Amino acid sequence: MTRPLRVGIVGSGPAGIYAADLLTKDDTLTASGTPLSIDILDKLPSPYGLVRYGVAPDHPRIKQIQGALHKILDKPGIRFLGNVNYGVDLKLEDLRRHYDAIVFATGSDRDRPLDIPGADLPGSHGAADFVFWYDSHPDVRDTWKVDGSSVAVIGAGNVAVDVARILAKDADDLLATDITDNVHQGLRTKQVTDVHVFARRGIAQGKFTPMELRELDKQPGVEVIVYPEDFELDEAALAAIEESNQVKTNVKVLQNWAIRDPRGEPRRLHLHFLHRPVEILGDERVSGLRTERMELTGDGNVRGTGEFVDHEVQAVYRAIGYLGSPVADLPFDEERGVIPNDGGRVLDLDDRPVPGVYATGWIKRGPVGLIGHTKGDALETVGNLVADRASFTPAPEPDPEAFTRLLDERRVPFTTWEGWQRLEAHEESLGESRGRKRVKVLDREEMTRICRDEPA
């Protein structure tokens, strides 16, 4: 009997899980009768990556993607191994010994820097840090003080919109979600009355989706304010409106908000377009944000007008994009925050494919697109992996049990799919005891203990 093709996937977010699913469905492998043995590794005790720790807690529809990912991880031939930190517990040579091919799907986990004066002042925060906090990521600090009554959010994508919504929302409105007590208490103490979102480009160039945009206006006690003077449209903007239903919908929603009468809600969420941040103001901590008014150039770009505006804010949240982190033993493009690759084939320093090593998801192409877009991305990577399989150097130790023995020898307290289901049931029972659907476990050690069914 042909031994299974052994594939190791590093990262258990949607990108890694979709890659595993596509491998099990590949027509070439199925037609050739090639059996598969896939391990999905993650540095966290739990799977799902971005869906669990990067999606705002008040987005249950997006979190429903977990149901589809659950079905994939439940497939025979796919094994989840959590709490395995690649680069610390294991090196590339370890994976090569146990897998014929390795796919890196480690995502983007840090903020793209904002290179303006004052960006490092106390009160200037990266959106990733804030998102991980309100999503109860076990590896970030468990306290967060939301300072001030007026705060700024820099960015024009879904993350910026999420951050702005959470800052404006009444903390008690999140009690129906899976947030932990520390997040609820941290948000409950905030005194924010005004959230200002600043986008460098125009209303037709926002990167947020219509669903995310509309949700801003569905929060009790929050009024969305859009300024008519920001409504500049040029030839490129008009063409974008005609070519994209998403752009057309966004512009229509924003226009309707701009012309309606004020509702007099106690909290306000201001959307500013054509404002480029040039300096975060303050001496010992943030006291304001200076922006330059921009104008459209007719070709989809913008230019400065030389007119500057100072906004009084006590905190700034930078949501201008994520970057991937360097991956041990592999080349890395620091500027783009990705592993250099050609169609998912990882490239060495001489731009030659590294045999048997692949990338997919945001670590392959950068943090662009929605969660569902990672399916098409994985399809390309998996297609190239399957096409290359005849050239793979067979793994010397392909037995799945040999790999878990290695983890045991190195005293890695790895978690399993069965352990995750145990933790999932525990979180649901926590929620039930509080009249909620689910409450996350925050502490990594507690997560690991529950997954491994070890005594407290």
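Predicted model, so just to flag it, every value in this text is computed and none were measured.
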[X] versus [Y]: any side-chain heavy-atom pair under 4.5 Å?
X: Val382; Y: Tyr18; value: no
X: Pro367; Y: Val159; value: no
X: Val302; Y: Leu274; value: yes
X: His70; Y: Gln421; value: yes
X: Ile40; Y: Leu73; value: yes
X: Arg290; Y: Ile280; value: no
X: Gln246; Y: Pro210; value: yes
X: Val103; Y: Val357; value: no

For atom [atom1] of [X], is the number of surrounding heavy atoms from other residues, nucleotides or ligands below 6.0 Å larger than 12?
X: Glu295; atom1: CD; result: yes
X: Arg200; atom1: CZ; result: no
X: Asp139; atom1: CG; result: yes
X: Gln255; atom1: CD; result: yes
X: Asp299; atom1: CG; result: yes
X: Glu312; atom1: CD; result: no
X: Glu229; atom1: CD; result: yes
X: Gln191; atom1: CD; result: no

Polar contact flag, side-chain donor to acceptor under 3.5 angstrom, [X]-[Y]:
X: Thr415; Y: Asn83; answer: no
X: Thr381; Y: Lys364; answer: yes
X: His272; Y: His196; answer: yes
X: Arg293; Y: His275; answer: yes
X: His125; Y: Asp111; answer: no

Does the structure place the NZ or CZ of Arg422 under 6.0 Å from the centre of the six-membered ring of Trp420, at an angle of no more than 45° from the ring's axis? no
So, taking the atom named [atom1] in [X] and the one named [atom2] in [Y], what distance separates them when rounded to the nearest 0.5 Å?
X: Asn245; Y: Ile241; atom1: CG; atom2: CD1; result: 12.0 Å
X: Tyr317; Y: Asp129; atom1: OH; atom2: CG; result: 10.5 Å
X: Phe104; Y: Ile363; atom1: CZ; atom2: CD1; result: 10.0 Å
X: Glu380; Y: Arg365; atom1: CD; atom2: CZ; result: 10.0 Å
X: Trp133; Y: Asp142; atom1: CH2; atom2: CG; result: 9.5 Å
X: Ser325; Y: Asp109; atom1: OG; atom2: CG; result: 3.5 Å

Main-chain N/O of [Y] paired with [X] side-chain donor or acceptor, under 3.5 Å:
X: Arg201; Y: Gly300; value: yes
X: Asp172; Y: Asp170; value: no
X: Asp178; Y: Val439; value: no
X: Asp147; Y: Ala315; value: no
X: Arg263; Y: Val222; value: yes

Strictly below 4.0 Å, N to O, side chains only: are [X] and [Y] in salt-bridge contact?
X: Arg165; Y: Glu212; value: yes
X: Glu427; Y: Arg438; value: yes
X: Lys169; Y: Asp162; value: no

Before you tell me yes or no, could you show the steps for Tyr227 and His270 under side-chain hydrogen bond (donor to acceptor under 3.5 Å, both in side chains), namely the whole-Å CA-CA distance, both residues' side-chain angles and the distance that decides it to 0.1 Å? CA-CA 8 Å; Tyr227 296 88; His270 310 259; 2.7 Å; yes
Between Asp21 and Lys75, does a salt bridge (Lys or Arg N to Asp or Glu O under 4.0 Å) hold up when you go through it step by step? CA-CA 9 Å; Asp21 187 42; Lys75 283 187 173 185; 2.5 Å; yes
Give me each pair satisfying salt bridge (Lys or Arg N to Asp or Glu O under 4.0 Å) with a member in residues 189-198, each pair once, sequence neighbours excluded. Asp194-Arg268
Which is it for Asp58 and Thr177 under the side-chain hydrogen bond (donor to acceptor under 3.5 Å, both in side chains) test, yes or no, and what are the steps along the way? CA-CA 6 Å; Asp58 57 348; Thr177 73; over 6 Å; no
Are Glu265 and Arg267 close enough, and set up right, to give a salt bridge (Lys or Arg N to Asp or Glu O under 4.0 Å), and what steps lead you there? CA-CA 6 Å; Glu265 301 288 0; Arg267 297 183 303 281; over 6 Å; no
Shortest non-hydrogen contact from [X] to [Y]?
X: Pro14; Y: Thr374; answer: CB-OG1, 4.1 Å
X: Ala199; Y: Ala156; answer: CB-CB, 3.7 Å
X: Ala127; Y: Val163; answer: CB-CG2, 4.2 Å
X: Leu95; Y: Leu90; answer: CD2-CD1, 4.0 Å
X: Gln314; Y: Ser149; answer: OE1-N, 2.9 Å
X: Leu233; Y: Ala204; answer: CD2-CB, 4.4 Å

From CA spacing to verdict: salt bridge (Lys or Arg N to Asp or Glu O under 4.0 Å), Arg276, Glu292: CA-CA 5 Å; Arg276 179 178 71 93; Glu292 180 182 15; 2.6 Å; yes
Please name all residues satisfying side-chain hydrogen bond (donor to acceptor under 3.5 Å, both in side chains) with Thr209, sequence neighbours left out, ordered by chain then number.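 With neighbours one apart ignored, the set is empty.
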Are Phe198 and His311 an aromatic pair, judged by ring center distance below 6.0 Å?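 Yes.
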Residues which pass ring-ring contact (aromatic ring centres under 6.0 Å, His included) with Phe132, listed by chain and number, not counting sequence neighbours: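 Phe132 satisfies ring-ring contact (aromatic ring centres under 6.0 Å, His included) with His137 only.
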Please step through salt bridge (Lys or Arg N to Asp or Glu O under 4.0 Å) for the pair Arg110 and Glu334, ending with a clear verdict. CA-CA 12 Å; Arg110 57 190 174 124; Glu334 283 286 354; 3.5 Å; yes
